[in-house]
Amino acid sequence: MTDQEFIQQFRLPEPVHVTRPAMPDLKDYVEYLTGIWDRKWLTNAGPLHEALEREISSFLGVPHLSLFCNGTIALLVALEVLDIDDGEVITTPFTFPATTHALHWNRIRPVFCDIDPETLNLDPCRIEPLIGPETRAILPVHVYGRPCAVEAIQKIAEKHGLRVIYDAAHAFGVKYNGKPLVSYGDLSVLSFHATKLFSTIEGGALISGSDLQRKRVNFLKNFGIADEETVVGPGINGKMNEFQAAFGLMQLKMVDYEIQNRGAIAALYRDGLKDISGITMLQEAHDTEPNNGYFPILIDAERYGVTRDELFAVLRQCNILARKYFYPLISHASCYASLASAAPSNLMVAERVSRQVLCLPIYGDLEPAVVRHICRVIAECRQSVSRHDDGAPIYRQARV
Ligand SMILES: *Cc1c(COP(=O)(O)O)cnc(C)c1O
């Protein structure tokens, strides 16, 4: 079969994106809007903001939560509230750019640490050699919502007097050892961006360790203003408005259903891909109640016969819009590439994984038939690859 025939056979009529937000009933949103119009209270800790903050706290089981306009500003404030505004912070290169940029904006030098090949999170065995006199904190990411080695990281932090801030942007609703994953570390930050499992269109939250700390976070997200005549610190504008909060209140009612359906879709993928040589799925994390926010696979080009980039291109031609989260590594960005810790030889696992990973479409309303179709495309794409006489694959040129 030529590439063209392959695509004709497998192309879906409509694009299937890697994710799609669960949209609440428009009539319900209009009802919230009517309330906002009547009150004329648009932002600054309005009643919907306060209601959402309470409801998310109770849903997640964390008492000291502050809502934010987005997750990135929440990361900046997390560093500021811990007085981390110089020196170095150890972090992962296998993440969304916001994690590293938050350090840069607080004038902190990121120190990149390699990841564990099983969890794809910061490898705890690689952290200690990177600790020096300038090290202030560790900023790990629960990548794809899968728990970091939280106990090992805590031990290292305590031994060296370091703070731990988790970028938990993917970890909404995940439980680890029966506890909310966002309750580990000194602070955790969530993102409620439209592409995340739970969304307020743009939004985020910071989970503090105490009520006192939460009060300080709340000052900092409102320009440091404590009252009309007092500014207690160098704050920023991190507030969530009433329109976002209304969307969040409606999304929260749908999130259990979303998590449950994504679980069913993940199970379909696991079944559909299990016998394809060269395609690896991540082990289900133990002691974890997952949220199945993402469905990453790793492609071993030698065994699968097609490279990750070739499969990506074929899927794209078939209207299956998988994403290379996280390629390229943020350590390759020009603003960080000259750091000693950004050298690819220090980040061998992250470098390899970033060239092998592909996140497949997953969201609550994704049709099971489409999931089975995607699995079939991945299986057939491998089988239709041309081979030399000795059976070695002739890698497809990405002419599709
Ligand atoms: C989405 C994301 C962020 C940024 O969150 P925003 O709400 O978009 O600012 C930070 N870190 C990670 C790992 C993310 O995926």
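Counting starts at 1 for both ligands and their atoms, following the listed order.
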For this session: Establish, yes or no, whether the cationic atom of K196 lies under 6.0 Å from the six-membered ring centre of F172 and within 45° of the ring axis.
Result: no

Exercise. Centre of F68's six-membered ring, under 6.0 Å away, within 45 degrees of the axis: is that where NZ or CZ of K239 sits?
Worked result: no

Mind listing the side-chain donor-acceptor pairs of residues 19-32 below 3.5 Å, one per line with the distance, residues two or more places apart or on another chain?
unit_1, atom_1, unit_2, atom_2, d
D25, OD1, K27, N, 3.1
Y29, OH, F243, O, 2.9

Problem set entry | Pair listing, side-chain hydrogen bond (donor to acceptor under 3.5 Å, both in side chains) test, anchored in residues 342-360, at least two apart | H332-E351, R352-Q356

Exercise. Between Y184 and Y176, does the ring centroid distance fall short of 6.0 Å?
Worked result: yes

For this session: Using heavy atoms and a cut-off under 4.0 Å, could you grab the residues that are in contact with ligand 1, chain by chain, numbers ascending?
Result: N70, G71, T72, T95, F96, A98, T99, V141, D167, A169, H170, S191, H193, K196, G203

For this session: Give me the other members of the hydrophobic cluster that V353 sits in, counting Ile, Leu, Val, Met, Phe, Trp and Tyr linked by side-chain heavy atoms under 4.5 Å, directly or via other members.
Result: V18, F94, F96, I115, L120, V141, V143, Y144, L282, Y294, L298, Y325, F326, L329, V349, V357

